[in-house]
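Taking it in order: structure first as C-alpha cells, then the write-up.
Proteins get letters first, then strands, A, B, ... in listed order; numbering begins at 1 in each. Source: prediction; values computed, not measured.
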Amino acid sequence: MRGKRERLLREMYAAMHARLGPSGWWPGETPLEVCVGAVLTQNTAWTNVTKAILRLRDAGVLASGQALLSLPEADMSELIRPAGFFRLKAVRLRNLLRFLDDACGFDFSVLAGQELDYLRPRLLNVSGIGPETADSVLLYAVGLPTFVVDAYTRRILHRHAMVPDDIPYHELRDVFMDVLEPDVPLYNEFHALLVRVAAQWCRARAPRCADCPLCPFLDGGGA
DNA sequence: ATCCGGGGAT
DNA sequence: ATCCCAGGAT
C-alpha cells in the first residue's frame with residue numbers, strides 16, 4: 001500500500017519546511033551555470049564546486065555557452081581543478097555543452113517546451129551525464145518536473161527505513177514521482193530541504209538525530 | 001570492482 | 001598524515 005508512503009513523504013516535507021522555511025535554493029545564477037555545477041558536483045561537495053565556478057566566472061568564460069566551448073580543454077581542466085576529477089569533468093562538461101549547443105543553441109526555453117520523456121533519454125545518452133546530473137539539469141536549468149535524487153536523499157530515506165541502502169537510482173526517484181504530482185517548485189524545494197537536512201543533521205558520520213527536523217519520523221521517534 | 005582528485009575532518 | 005565524502009564510465 002502506498003497511500004501510507006505518500007502521507008509519510010508529505011509529512012516529512014511539511015516538517016522540514018516548517019523548521020527550515022523555504023530554501024529559495026537554486027544551484028546557479030543562470031541555466032548555463034546550473035549545468036556547469038551539475039557536472040562539477042559529481043561525487044564532490046558543493047564547497048569545492050563553488051570555488052571552481054568562481055574561477056570560471058573570474059576568467060569570464062561563464063558568460064555564454066560559446067565562451068565555455070571555445071575554451072581549450074587544458075585551460076578548462078585547470079580552472080575547474082578545485083572541483084576534483086578535473087580532467088574527467090572537463091571532458092564531461094564539454095560533452096554536455098556540445099549537446100546543449102546543437103539541441104537548442106543554449107536557448108533553454110526551447111528545451112523547456114520539450115517532453116521530459118523525450119529529452120531525458122537524450123541527455124542520458126551524453127557520455128558523462130548519468131541520471132542525477134541529467135535530472136539536475138532538467139529540473140534546475142530547464143524547469144521540467146523530474147525529481148533529483150542524490151546520496152543525501154538515499155541516506156535520509158534509508159536511515160528512516162523507507163528504502164534499502166542499495167536501492168537503484170531510478171527506483172528511488174520513483175518513490176517520489178509515483179506519489180508526488182509533477183510540480184517543479186515542489187521538486188525543487190523538496191530536494192533542497194533534503195540537502196539541507198543531510199548537511200546539518202543527517203550527516204554521513206556523527207548524525208545529529210536528536211534535534212533533526214525529521215526526528216519524529218525515526219523508528220521509535222514518536223508520532 | 002576500479003578508476004578518476006580535490007577539500008575538510010580527524 | 002591519513003581518512004572520509006560524493007557520480008559515472010569501463
### Message
Under 4.0 Å, counting only non-hydrogen atoms across every strand here, what does A:T47 touch: a base, just sugar-phosphate, or nothing?
### Response
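Contact class for A:T47: none.
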
### Query
Which residues, if any, of residues 74-100 of chain A bring a heavy atom under 4.0 Å of DNA chain B?
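Hits under 4.0 Å, by residue number: A:R81, A:P82, A:A83, A:G84, A:F85, A:F86, A:R87, A:L88.
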
### Approximate separation, where rounding is to 0.5 Å, of A:D178 CG and A:R173 CZ
10.0 Å

#### Entry: Close residues, residues 144-172 of chain A, relative to DNA chain C [heavy-atom separation under 4.0 Å]
A:D150, A:A151, A:Y152, A:R155

### Task
Tell me, yes or no, whether the heavy-atom count around A:E115 atom CD, taken from other residues, nucleotides or ligands under 6.0 Å, exceeds 12.
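Incorrect, the count does not exceed 12.
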
### Task
Using a 3.5 Å limit on both pairing distances, list the dot-bracket string of DNA chain C from the 5' end; Watson-Crick and G-U wobble pairs count, crossing pairs take [ ], interstrand pairs take |.
|||||.||||

### Task
With DNA chain C as reference, determine whether A:A204 or A:G130 sits nearer its 5' end, using the nearest nucleotide of each.
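Of the two residues, A:A204 wins.
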
### Query
If you pin A:T44 and A:G128 to their nearest nucleotides in DNA chain C, which one's is more 5'?
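Looking at DNA chain C, the more 5' nearest nucleotide goes with A:T44.
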
### Task
Could you measure between the two P atoms, the one in C:dG8 and the one in B:dG8, and give it in whole Å?
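Here C:dG8 and B:dG8 have their P atoms 23 Å from each other.
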
### Euclidean distance for C1', C:dA9 against B:dG7 (whole angstrom)
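So the two C1' atoms sit 24 Å from each other.
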
### Task
Please name all residues satisfying ring pair (Phe, Tyr, Trp, His ring centres under 6.0 Å) with A:F190, sequence neighbours left out, ordered by chain then number.
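Expected list: A:Y13, A:F147, A:F176.
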
### Query
Quick one: how far along DNA chain C does chain A reach, first to last nucleotide 5' to 3', anything under 4.0 Å to a heavy atom?
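The protein-touched segment is C:dC4 to C:dA9.
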
#### Entry: Counterpart residues, side-chain hydrogen bond (donor to acceptor under 3.5 Å, both in side chains), relative to A:D101 (two or more places apart)
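Residues passing side-chain hydrogen bond (donor to acceptor under 3.5 Å, both in side chains) with A:D101: A:Q66.
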
### Task
Evaluate side chain to side chain contact (heavy atoms under 4.5 Å, CB included) for A:T44 paired with A:K89, printing each intermediate quantity in order.
CA-CA 11 Å; A:T44 100; A:K89 286 174 180 176; 2.7 Å; yes

### Query
Rounded to whole angstroms, how far apart are CZ on A:R55 and P on B:dG6?
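Roughly 11 Å, once rounded to whole Å.
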
